[in-house]
Amino acid sequence: MLIYLQAIEREDDRAKFEKLYLNYHNLMIYAAMKILNNQQDAEDAVHQAFLTLIDNLDKVKDTTSRETKSYLVVIAEHKAIDMLRAKKKILDLDYDEAAEGLEVAPPGDNLLAHAMAKLPSRYREVLLLRYRNGYSNAELGAILHIKPESVQRLVFRAKEALQKILDEEGIEV
Amino acid sequence: MTEFSFSEDDLKTAAVIVSDAMLDSLPDPSEIHFELSDDFIKKMDALCMKAKQRTWTRVVLKRVAMIFLAILLGLSTWLTVDTEARAVAIKWIRDVIEDNIYYRFFGNSMGTELPNFVPTWLPDGFALTESDDTATHHMFFYEDAESNMILFDYCFLSEGLQAQYSGDDSERETVYIREVPADFYPADETSLSNNLIWIDESNGIVFFLDSNLEKEVMLHIANSVDLCNMLN
């Protein structure tokens, strides 16, 4: 028995990609520059982010939603941080994990959100992609270029870090 | 198992709030203007062109692999082809697409509750520092005083499961875990650890071992993996 797969030409994927690029590339460069302080590096990071996006275009449903905007900013941040770490490694400099990433102002009354905003960026990113964007382990693995099981471990560690902040600040959710 | 004081719904609510706070801290896209470099514009133009082509290429590659798999299932004789695909009744393939190696698994899971496997040998000084288990995935993380690490985990082969490694497939080495062929990926600039993956086809389980220890030590650990009655 042979299985036949229909290869569907996805012209709409190209249009979707172009729309996302046109709408958000400046915002992504802005976010990356907050981390890298250099437009050329920020452009490289954003290019890397779009390379990731192109492999995961099917995960973007609405090109204009805040959810999608959040996703693109998080991916740009992620790539910028990767680049920053690589540069510091080459220059044999220490890096402060807590100082990486976009600064998120304490978001008001929700104590768990308050603690989440304080997480190191790599933990905050995976929690946002999981719980804001709803991506599964497999999807996050494809986006972050790690094994789905590694995603599960990362989510677990992010939750542990979150719990630690709550415990240290005596916060009860 | 670690207990958290927050629920999944609490996390969803908090994530939306944090996401909105993050976006509100940034200007509106319409207010941001950069003079983009020629290099960036050229790269993005090329990427836009690729957006259509890449989807097609992936679909074609998958179709080739799936058809090959279907042929193997349907016929009584093996086909000898020069391909990354390897398939038996368990149904899995290894794809190499650009700089990534993908293990893709198909078919129904062979069980609902994973058996309990652990490494029964570890180098001196290692202790279990973290573990996590669900019905379909078990994970153990070991460390020593010098921050060397061993990550051992396993799960059922099932539809939709995918493992991905970034790097050069030419570096991959076939090794044997209790006479079962396994793939060993040495550490490179994309990964700080060596990676080992092997598949127990009789039980429908895939095993992963990641560590910064040497290959021979990792093989010793992998060969020591055995069933136990209780998880550590």
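Here is the naming used below: chain letters follow the sequence lines, and residue numbers restart at 1 for every chain.
Take K59(A) and apply the salt bridge (charged side-chain N to carboxylate O under 4.0 Å, His left out) test, not counting sequence neighbours, and it matches no residue. Judged as a ring-ring contact (aromatic ring centres under 6.0 Å, His included), and not counting sequence neighbours, Y30(A) has no contacts.
Rounding to the nearest 0.5 angstrom, the gap separating the CE atom in M33(A) from the CD1 atom in I32(B) is 11.0 Å. Atom CG of D10(B) is separated from atom CG of L112(A) by 6.0 Å, given to the nearest 0.5 angstrom. If you take NZ on K12(B) and CZ on R132(A), they are separated by 12.5 Å, rounding to the nearest 0.5 Å. Rounded to the nearest 0.5 Å, atoms CZ (F156(A)) and CZ (F141(B)) are 11.5 Å apart.
Counting heavy atoms from C-beta outward, F34(B) and H25(A) have side chains that stay 4.5 Å or more apart. Contact of the R153(A) side chain with the D153(B) side chain is registered, since non-hydrogen atoms from C-beta on lie closer than 4.5 Å.
For the residue pair Q40(A) and S37(B), no side-chain donor N or O sits within less than 3.5 Å of a side-chain acceptor on the partner.
One N or O on the side chain of Q39(A) and one on the backbone of E35(B) form a donor-acceptor pair closer than 3.5 Å. A distance-only check finds a donor-acceptor pair linking the side chain of Q163(A) to the backbone of S5(B) [under 3.5 Å].
In terms of heavy-atom pairs under 4.5 Å with chain A, the best-connected choice from K43(B), M139(B), H33(B) is K43(B).
Residues F6(B) and K159(A) approach most closely at CZ-O, 3.6 Å, considering heavy atoms. The minimum heavy-atom distance between D20(B) and R66(A), with the atom names listed, is OD1-NE, 3.2 Å. Smallest separation of non-hydrogen atoms from V18(B) and A117(A): CG2-N, 4.1 Å. The minimum heavy-atom distance between A113(A) and I17(B), with the atom names listed, is CB-CG2, 3.8 Å.
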